[in-house]
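Please read the structure below before turning to the comments.
Order of listing sets the numbers, starting from 1, for every ligand and every atom in it.
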Amino acid sequence: MSRENSYVSIRDVGKVYPSPHGEVTALEDINLDIHNHEFVSLLGPSGCGKSTLLKCLAGLEKATKGEILIQDQPVVGPPDDMGVVFQRDILLDWRNILDNVLLITEFRRLDRSKYEDKARALLGRFGLQGFENRHPWELSGGMRQRASICRALLDDPELLLMDEPFGALDAMTRDDLNLELARLWQDTQKTVLFITHSIPEAVFLSDRVVVMSRNPGRIDEVLQVDLPRPRHLSVRESPEFGAYVSHLRQRFAQLGIVHGD
Ligand SMILES: Nc1ncnc2c1ncn2[C@@H]1O[C@H](COP(=O)(O)OP(=O)(O)OP(=O)(O)O)[C@@H](O)[C@H]1O
Ligand SMILES: [Mg+2]
């Protein structure tokens, strides 16, 4: 893919963290372009630098080498036109769900009244109608993650970064949310960078799967997934889907990384 039509351009990025035990090279030689409206997954073992890369993209960490451009502009801090769902949901326990979703209106000094209907509609879409006045501790893990996604979507960002949003959920809830995310992407055509440990999840959702290896975190392979869209969960029973999954499993086995799912 050419750099010219990229929404995100990651060029020669490296990240070294200082630590009391010496430096940790979290990322090395990362080159990746993400197209407008593309769904790209980062797939790799624990510690390969997935969250680090997402934080560099979100302007929360600074790469020690290389550059990251979003719409041709270098990332220097958290951009406005981006929604982030973090690895651990970071809902504020003392605010109800509606107020959690509306949080960015305060950070960005937006008119809350203009966003309230939108917040309610998003909560409805993600099955949280009737929970607007509940607090995060009254919700299940899946519901909390749904609320986090609503928060990330509130200002309709073009770019959505998601760090293992479904990692802690049971298989059925995860299937539901995979489907809802696939539908959302289909309807809104956002550009998505999605992090996961799950090979089937990555194949189901993605246009391309970026395979990462660790020590240091590098890109090993980028796999194009040419399954037809829109995708229903039944696509997972198809031989084509099985072939992508088995290719990725074999690649991780060759890298000496065992994948449980
Ligand atoms: N703030 C930090 N200071 C020092 N080292 C860090 C820091 N954050 C991450 N690291 C190190 O960088 C490497 C990559 O970490 P990162 O969290 O990006 O991995 P990950 O692929 O997201 O892992 P996981 O799948 O477990 O979430 C690890 O070796 C980690 O210990
Ligand atoms: Mg991580």
Give yes if a backbone or side-chain nitrogen or oxygen of Gly47 is under 3.5 Å from a nitrogen or oxygen of ligand 1, and no if not. yes
In the protein, what heavy atom is nearest to atom 6 (C) of ligand 1, and what distance, to one decimal place, separates them? Tyr17 CD1, 3.2 Å
Under 4.0 Å, counting heavy atoms only: does Glu164 come that close to any atom of ligand 1? yes
Is any side-chain N of the basic residue among Lys190 and Glu158 closer than 4.0 Å to the acidic one's carboxylate O? no
Could any protein non-hydrogen atom be found less than 4.0 Å from atom 27 (O) of ligand 1? yes
Between Val8 and Asp33, is the side-chain contact (heavy atoms from CB on, under 4.5 Å) condition met? List the steps. CA-CA 6 Å; Val8 175; Asp33 285 294; over 6 Å; no
Salt bridge check, Arg218 against Glu28: does any charged N sit closer than 4.0 Å to a carboxylate O? yes
Taking both backbone and side-chain atoms into account, decide whether Gln87 has an N/O/S atom under 2.8 Å from the Mg ion (ligand 2). yes
Shortest protein heavy-atom distance from atom 24 (P) of ligand 1, along with the residue and atom involved: Ser46 OG, 3.6 Å
Less than 4.0 Å is my threshold; does some heavy atom of Lys15 fall inside it relative to ligand 1? no
Between the Mg ion (ligand 2) and Thr52, is there an N, O or S atom separated by less than 2.8 Å? no
For atom 25 (O) of ligand 1, what is the closest protein heavy atom, and at what distance to 0.1 Å? Lys50 NZ, 2.7 Å
Would one find an N or O of Glu61, backbone or side chain, under 3.5 Å from an N or O of ligand 1? no
Measure from NZ or CZ of Arg144 to the centre of the six-membered ring of Trp137 and say whether it is under 6.0 Å with the direction within 45° of the ring axis. no
Can Thr25 and Tyr17 be counted as having a side-chain donor-acceptor contact under 3.5 angstrom? no
Verify whether one side chain among Arg183 and Gln186 offers a donor that lies under 3.5 Å from an acceptor in the other. no
Which of the numbered atoms in ligand 1 are below 4.0 angstrom from a heavy atom of Thr52? 14 (C), 15 (O), 16 (P), 18 (O)
Under 4.0 Å from one or more heavy atoms of His197, ligand 1 contributes atoms 25 (O)
Between Asp176 and Thr173: side-chain donor-acceptor atoms closer than 3.5 Å: no
Result for salt bridge (charged side-chain N to carboxylate O under 4.0 Å, His left out) between Glu116 and one of Lys114, Arg120, Lys118 points to Arg120
Do the side-chain N and O atoms of Thr52 and Glu61 include a donor-acceptor pair separated by under 3.5 angstrom? no
Check ion pair Lys50-Asp163 (N to O, under 4.0 angstrom): no
Can you find a non-hydrogen atom of Cys48 under 4.0 Å from ligand 1? yes
Judging by distance only, is a nitrogen or oxygen of Ser19 under 3.5 angstrom from one on ligand 1? no
If you measure every N/O of Pro18 against every N/O of ligand 1, is any gap under 3.5 Å? no
Which atoms of ligand 1 sit under 4.0 Å from any heavy atom of Gln87? 27 (O)
To which protein heavy atom is atom 17 (O) of ligand 1 closest, and what is the distance rounded to 0.1 Å? Ser51 CB, 3.8 Å
Residue pair Thr196, Glu201: steps toward the side-chain hydrogen bond (donor to acceptor under 3.5 Å, both in side chains) verdict: CA-CA 7 Å; Thr196 181; Glu201 184 171 79; 2.7 Å; yes
Considering all protein heavy atoms, does one lie under 4.0 Å from atom 30 (C) of ligand 1? no
